[in-house]
Amino acid sequence: NYAIISGIPNTIARNITLKTDISEPLLRDHDSFLMETIYATKESQSRIRTFNKCRMYLKVLTVAEIANGEGTQIRPSLLQGANRISNFRNIKWPNQGKPIQSEWKIWESMLSQYFCFKNCTLRKPLGKWNIPSTPSWWYSPNEDALYYGLISDKICQRWIPSSYRRRGRSTTYQLSRSFQLPSNLKFAVCKSHGNSIIFHCSAPVKPYAPSSTTNFEREWNALTASIQWALAKCEGWEHLPQLLKAYNEGFLIATTDG
């Protein structure tokens, strides 16, 4: 996995000892690691290094991270590195400078040869998204709203359409208030834009089977309604368990304008 993430050849990676496990999962059905496929080709080391340079700049590991929500095409904006979206994984990426035009031509050529056709259609379409283990963006078609968090969370940040809409399919959303997750959610591909979020596309996920009641749920249900209300209204937190932990330890301070 280290070779796949870093792009270092296996002959070198096998001699590197890691202090922590950095294995990363595939994100969708029929997903695959970009460098794993490239290393299996007969491409020259120079072209492989260039391909990996572009990949590192975009901060992507697999085909799913450069594909559209439907899993049918590679997003055209990524062929020349015009648009970086890195909300898929919690990875501390190395600082990779932006490749030059001739290097993007090699990236595009190798993508077209091994992953898609000339019109960006994937040679092997992707399936449903796996349930991510890290906080992610979710889209509710019924509400036209975005949510951020784990799909197992009781309450998540909620983002609603802003008054300003971008041309085309992408739209901007602004932070509303924390809210209970609705049903029929889709995995969303988004990008931060100042204080707003740009929503690009969405796709179905595999059915989520909730586990038995967690410690958090038991502690949450034991709180009074007034405390639950105050915690649910707080903005700027990724997870309510953090608020609950601070409350239980006596460190939570809340203010209100009314």
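We're numbering straight along the sequence, starting at 1.
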Reported [atom1]-to-[atom2] distance for the pair [X] and [Y], which is rounded to 0.5 angstrom:
X	Y	atom1	atom2	value
Glu43	Phe51	CD	CZ	9.5 Å
Thr37	Gln113	OG1	CD	12.5 Å
Phe33	Glu65	CZ	CD	8.5 Å
Asp29	Leu126	CG	CG	9.0 Å
Ser136	Tyr148	OG	OH	6.5 Å
Leu111	Cys120	CG	SG	8.5 Å

After noting the C-alpha distance and the side-chain angles of Phe187 and Leu27, does the key distance pass the side chain to side chain contact (heavy atoms under 4.5 Å, CB included) rule? CA-CA 11 Å; Phe187 185 86; Leu27 301 181; over 6 Å; no

Heavy atoms only: give me the nearest [X]-[Y] pair and the separation to one decimal.
X	Y	result
Ile38	Tyr114	CD1-CD1, 3.9 Å
Gln174	Ser162	OE1-CB, 3.7 Å
Pro94	Met56	CG-CE, 3.1 Å
Glu143	Pro182	OE2-CB, 3.6 Å

Looking only at the side chains, is there a donor atom on one of Asn52 and Arg49 sitting less than 3.5 Å from an acceptor on the other?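 Their side chains do not contain a donor-acceptor pair, so the 3.5 Å distance test is not met.
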
Would you say [X]'s side chain and [Y]'s backbone share a donor-acceptor pair under 3.5 angstrom?
X	Y	value
Arg158	Arg177	no
Trp107	Leu78	yes
Asn68	Gln73	yes
Arg28	Lys128	no
Trp104	Pro99	yes
Thr50	Ser46	yes
Ser178	Ile155	no
Asp31	Val63	yes

Given Gln96 and Leu58, is the side chain to side chain contact (heavy atoms under 4.5 Å, CB included) satisfied, shown in steps? CA-CA 9 Å; Gln96 173 62 61; Leu58 293 173; over 6 Å; no

In sequence, state the C-alpha distance, the side-chain angles, and the governing distance for Thr121 and Thr72, and then conclude on side chain to side chain contact (heavy atoms under 4.5 Å, CB included). CA-CA 6 Å; Thr121 299; Thr72 57; 5.6 Å; no

I'd like to know whether CD of Gln180 has more than 12 heavy-atom contacts from other residues, nucleotides or ligands below 6.0 angstrom.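 Result for CD/Gln180: open.
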
Taking atom CG as the centre, does Asn142 end up with more than 12 heavy-atom neighbours from other residues, nucleotides or ligands that are less than 6.0 angstrom away?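 Yes, enclosed.
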
Name all pairs fulfilling the salt bridge (Lys or Arg N to Asp or Glu O under 4.0 Å) condition that reach into residues 97-106, sequence neighbours left out, sorted by first residue then second.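 Residue pairs with at least one partner in residues 97-106: Lys53-Glu103.
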
Does Tyr173 have its ring centroid less than 6.0 Å away from the ring centroid of Trp159?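 Centroid distance Tyr173-Trp159: not below 6.0 Å, so no.
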
Name all residues meeting the ring pair (Phe, Tyr, Trp, His ring centres under 6.0 Å) criterion together with Tyr147; count only those two or more places apart in sequence or in a different chain, and write none if there are none.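 Result, ring pair (Phe, Tyr, Trp, His ring centres under 6.0 Å) vs Tyr147: none returned.
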
Can you confirm if the NZ or CZ of Arg123 lies within 45° of the ring axis of Phe115 and under 6.0 Å from the centre of its six-membered ring?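 That pair does not qualify as a cation-pi contact.
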
Check the pair Arg47, Ser109 against side chain to side chain contact (heavy atoms under 4.5 Å, CB included), reporting the backbone distance first and the verdict last. CA-CA 10 Å; Arg47 282 172 63 86; Ser109 172; 3.7 Å; yes

So do Met35 and Leu61 actually touch side chain to side chain, heavy atoms under 4.5 Å?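 When only atoms from C-beta onward are counted, Met35 and Leu61 do not touch, as no gap falls below 4.5 Å.
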
